[in-house]
Every structure is written in C-alpha cells, then in structure tokens.
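Take a look at the structure set out below.
As the structure is a computational prediction, the values presented were derived from the model and not from experiment. Order of the sequence lines sets the chain letters (A, B, ...), proteins ahead of strands, with each chain counted from 1.
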Protein chains: 2
Amino acid sequence: MDRRQRKTREAIFSAFTELLSKKDFNQITVGEIIDRADIGRATFYSHFETKDFLLKEFCEELFCHIFDTENSVQNHHKHIFSCDGSGSVFLHLFQHLQKNDNNILALLSSQNNELFMRYFKSNLELLIESHFSLFESSKNKNMPLSFWKNHIISTFVETIKWWIDNGMKESPELITEYFFMVV
Amino acid sequence: MDRRQRKTREAIFSAFTELLSKKDFNQITVGEIIDRADIGRATFYSHFETKDFLLKEFCEELFCHIFDTENSVQNHHKHIFSCDGSGSVFLHLFQHLQKNDNNILALLSSQNNELFMRYFKSNLELLIESHFSLFESSKNKNMPLSFWKNHIISTFVETIKWWIDNGMKESPELITEYFFMVV
DNA sequence: TCGTTACTGAACATATTGTTCATTAATACT
DNA sequence: AGTATTAATGAACAATATGTTCAGTAACGA
C-alpha cells in the first residue's frame, strides 16, 4: 500500500475516532472529518464511498484487533483455560475494555451506534462459539440455542454498558462476577 | 385542541409511522414526511421544532398508550395477580406486542433507534418497579440493585428483539417461559 | 529518471434543513 | 350569523451537507 494512502487512511481514522469520542456518529459530518484530518474533500471520497463505509471499515479494523488478540492461541491458553478459577474470556474482555484502547468505550456507551453494536455482537458470537461448552449449559435444555446464545451476548453487552454508565468504578473481576451471577 | 391542529398532527404521526416501518429514522427526511402527510413545510415546523422532537413526542404518546393500559388498576388485578400461575406482566406485554398496534414492532426490531429504546426501557422500568417483588429476588443479594434492574429490562428487550428477528413464530406464552428461564 | 498513482482545491449540482411572511381558510366564541 | 382568532399554505430564502468532477501538482516505486 502506498505510503500516502496509508497516511491518509490513518489521518481519517484518527480524526474519526476523536470525533466519535465527542459526538454521536450521526452528528459527525464529512466536513468535520476532513478538516480534522487535514485532507481534501476529494481525497476522503477516494478512500470511502460514504461516511457509512468509513464506519464499516473502522469497525472491521477495530474488532479485528480486539477479538483477534483475544482469540489467539496464546491468550486462549493463558486466560480461558487458566487454572486460577476466576479467569475467563469475559474477564479478559472486561480488562481489555478498562484500558480503553481505541476509544472503544465511547462507541460502546449507550449513546451510540447500531451498526457498531451489530459488529460487536457478531464478533463476540464468533469468539464465544469457539468455547462451545458455554452453550451446553443446563439452562439450554429447554430453549432454542439461538435464544440462549443471544441471551449470553446481550447480557454481556448490557453489562459493559451498565459498567460504563456507572463510571467503571468496579474492577473487571467484580464485573465478571456480576455477569456470571445473572447468566 | 383545534380540529385542524389535531388533523395535521395525526397526518404527521401517520406518515411518520409508515415511513418508520420502511426505513431507519435517520434516513427519513422532513420532505418525505410532509409529502406523505400532504401538508406544507411551514406547517410541519409549526408543530415540531425538529425531526427529533417529532420522534420524542411520538414515543411519548406511544408508550403512554401501551404502558398506561398495562399498568391500569384493572389490568393490574387481571393479569399480574391472576391465579392461573402463568399470568404475568411480561406475558401480557408479549401478547400486546404480538398484535403490533402502532407498528411498534418495526421500531423495536434491531434496525432501529436508540432514543426510542431509551424511552421503551425507561417506561418498562417504571412499570416493573411497581412490582417491587421482582427486584427482591435471591439473585439480588450480592449485586447492585441497578445492575439487577438493568439486567431484567435488557433481557426483556432482547427477548422481544430475538422474537421479532425470528419471525415471531412462538406463542407469547412460550416466549414468557424462555424469558423466565434466563432471568 | 520516468511512468504511475495519490492528493489538492476549487467549483459544481443536488438535497436537506429550518425560517419567513403575506395570503387564505377554518374554527371558536358570543 | 358575524367576527376575531388561529392554523395552514406555498413560495422563497439562507445555510449547510453531500457527493462528483477535473486539471494541476507532488510523492511514490522501480
């Protein structure tokens, strides 16, 4: 990839992230993005068909980053099958979120975007599906699997939202406890 | 209220409902609303400051309708304290939704709007709070009340969404069962 | 060095928003 | 029934946002 392209793309993503932390996606204009990224209007449109495509690609890169490291073999062994009894993929995700790389909290907080949520949930589903035992809970006996899956994912997302909206005062460990109390 | 005002307001609400069942709130323009409602542009703005205020008032009227009848004294006695064992406020809501008065399903389905969701959840909270016993569950002992409340409401909303997205093939009774299995 | 590719910036058509105002028509009140 | 009030109209308006076009310039890779 041409260095110029890369730089432009990064400038756009960076400007977009900053703006997302300040206001809702729908309130953000292309004009604001290119001003902040300091690029020409035509340049923006040569990279992204519309603002929605920008969000789409932004989500893809972001989740690729988060869920790939999360799902990699090392982390798999280190966190999911850890023997201290409290380790779990959920705890690890809560810990990751607390760091707030990439301003992901702004996107996850309840103000924000539906498309983003869909991406987040579908990535979460892929991640959780690789730990199939979760879906073989006794609770699963008398209800459709998709209902049960949806329930776990939604509860996880809502737990995150509650955590954020309440100032993230609790430790990731405590949040994980709360999560497992209701799931 | 002047009959002309009432008619205009109804025409706007009706056009808005039709459009909401076809596309996302953000995609709807004032132009489309006034075309479909067959009113002048200035008329629209004399009724609603912006499109967002329209949504706000629309939600208020809609939820007032649903939750008021739900929470009225008669229904209170009839459904919540019914003695057949299966009756509950949740079942009644699922039944109400199945009828799809006011195209509420389009609004609740996962495509749609955040503001709407906030209204729905906050009304739900008020309704559920009046049945305080729900919040005195044994599950509540070791976690914040607000977390528990949020969990019940979110699970209810996600159950509805799952139901809609899966074609509403299940009966309200069965959905209520699923709901109580995970809550 | 040279051919290719990306960025520029300015201009452009189009669409949407929200306002204004003089005119017309329906309504409420007595 | 007559009158004062209130609402709707539609056309025009400025302001803002979108997405496109294109010729010129600069950076890139080989």
Side-chain angles (χ1 to χ4, degrees), chain A residues 1-61 106-107 111-116, chain B residues 1-61 106-107 111-116 118-119:
Chain A
M1 198 179 197
D2 196 306
R3 186 195 295 137
R4 290 168 296 178
Q5 270 189 320
R6 220 182 326 117
K7 279 194 170 179
T8 300
R9 196 181 166 85
E10 270 165 27
I12 292 174
F13 275 177
S14 164
F16 187 52
T17 306
E18 282 177 53
L19 288 165
L20 273 174
S21 72
K22 289 202 179 64
K23 50 167 82 174
D24 191 85
F25 172 76
N26 297 307
Q27 318 286 332
I28 297 171
T29 66
V30 175
E32 288 174 302
I33 297 171
I34 65 177
D35 281 353
R36 199 170 280 258
D38 197 30
I39 57 163
R41 182 166 202 78
T43 309
F44 177 89
Y45 282 104
S46 79
H47 277 258
F48 302 101
E49 210 171 317
T50 66
K51 217 177 58 179
D52 291 276
F53 279 89
L54 167 60
L55 178 63
K56 188 174 178 297
E57 297 197 25
F58 179 79
C59 288
E60 275 164 6
E61 282 204 7
L107 282 160
Q111 310 301 328
N112 263 293
N113 192 278
E114 189 58 41
L115 174 64
F116 179 84
Chain B
M1 196 180 198
D2 196 307
R3 186 195 294 137
R4 291 167 295 178
Q5 271 189 321
R6 219 182 325 117
K7 278 193 171 181
T8 300
R9 195 180 166 87
E10 270 165 27
I12 292 173
F13 276 178
S14 164
F16 186 53
T17 307
E18 283 176 52
L19 288 166
L20 272 175
S21 71
K22 288 200 180 64
K23 50 167 79 174
D24 192 85
F25 172 76
N26 296 307
Q27 317 288 333
I28 296 171
T29 66
V30 176
E32 289 174 302
I33 297 171
I34 65 177
D35 282 353
R36 200 171 279 258
D38 196 30
I39 57 162
R41 181 165 203 78
T43 310
F44 177 89
Y45 282 104
S46 79
H47 277 257
F48 302 101
E49 211 171 317
T50 66
K51 217 176 58 178
D52 292 276
F53 279 89
L54 167 58
L55 178 63
K56 188 173 177 299
E57 297 198 25
F58 179 79
C59 288
E60 275 165 6
E61 283 205 6
L107 282 162
Q111 310 302 328
N112 264 293
N113 192 276
E114 189 58 40
L115 173 64
F116 180 84
R118 270 208 291 282
Y119 270 101

Look at the side chain of A/S46 and the backbone N and O of A/T43, then say whether any donor-acceptor pair between them is shorter than 3.5 Å. yes

Can you find a side chain N or O atom of [X] that sits less than 4.0 Å from OP1 or OP2 on [N]?
| X | N | value |
| --- | --- | --- |
| A/S46 | C/dA6 | no |
| B/Y45 | C/dT19 | no |
| A/H47 | C/dC7 | yes |

What is the distance, to the nearest angstrom, from the [atom1] atom on [X] to the [atom2] atom on [N]?
| X | N | atom1 | atom2 | answer |
| --- | --- | --- | --- | --- |
| A/E10 | C/dC7 | CD | C1' | 16 Å |
| A/R3 | C/dT5 | CZ | P | 17 Å |
| B/I34 | D/dA11 | CD1 | C1' | 12 Å |
| B/D38 | D/dT9 | CG | P | 8 Å |
| A/F48 | D/dG19 | CZ | C1' | 16 Å |
| B/R9 | D/dA8 | CZ | C1' | 16 Å |
| B/Q27 | D/dT18 | CD | C1' | 13 Å |
| B/I12 | D/dA8 | CD1 | C1' | 11 Å |

More than 12 heavy atoms of other groups within 6.0 Å of A/E49 CD: no

At less than 3.5 Å, do the side-chain atoms of B/R4 and the base atoms of D/dA8 form a donor-acceptor pair? no

Flag the pair A/E57 / A/H47 as yes when at least one side-chain heavy-atom distance between them is below 4.5 Å, and no otherwise. no

Side chain to side chain, A/F44 and A/T8, heavy atoms closer than 4.5 Å: no

With a 4.0 Å cut-off, would you call A/K22 and A/E32 a salt bridge? no

Could I get a table of every N or O pair under 3.5 Å where one atom is in the protein and the other is in nucleotides 9-16 of chain C?
none

Decide side chain to side chain contact (heavy atoms under 4.5 Å, CB included) for B/F58 and B/I12; before the verdict, give the C-alpha distance in whole Å, the side-chain angles of both, and the deciding distance to 0.1 Å. CA-CA 10 Å; B/F58 179 79; B/I12 292 173; over 6 Å; no

Nearest-neighbour nucleotide for the A/Q5 side chain, C/dA6, C/dT27, D/dG29 considered: C/dA6

Lys/Arg cation over aromatic A/F48: A/K56, 6.0 Å, 45° cone: no

Would you mind telling me which residue lines up with the more 5' stretch of DNA chain C, B/M1 or B/E49, judged by nearest nucleotide? B/E49

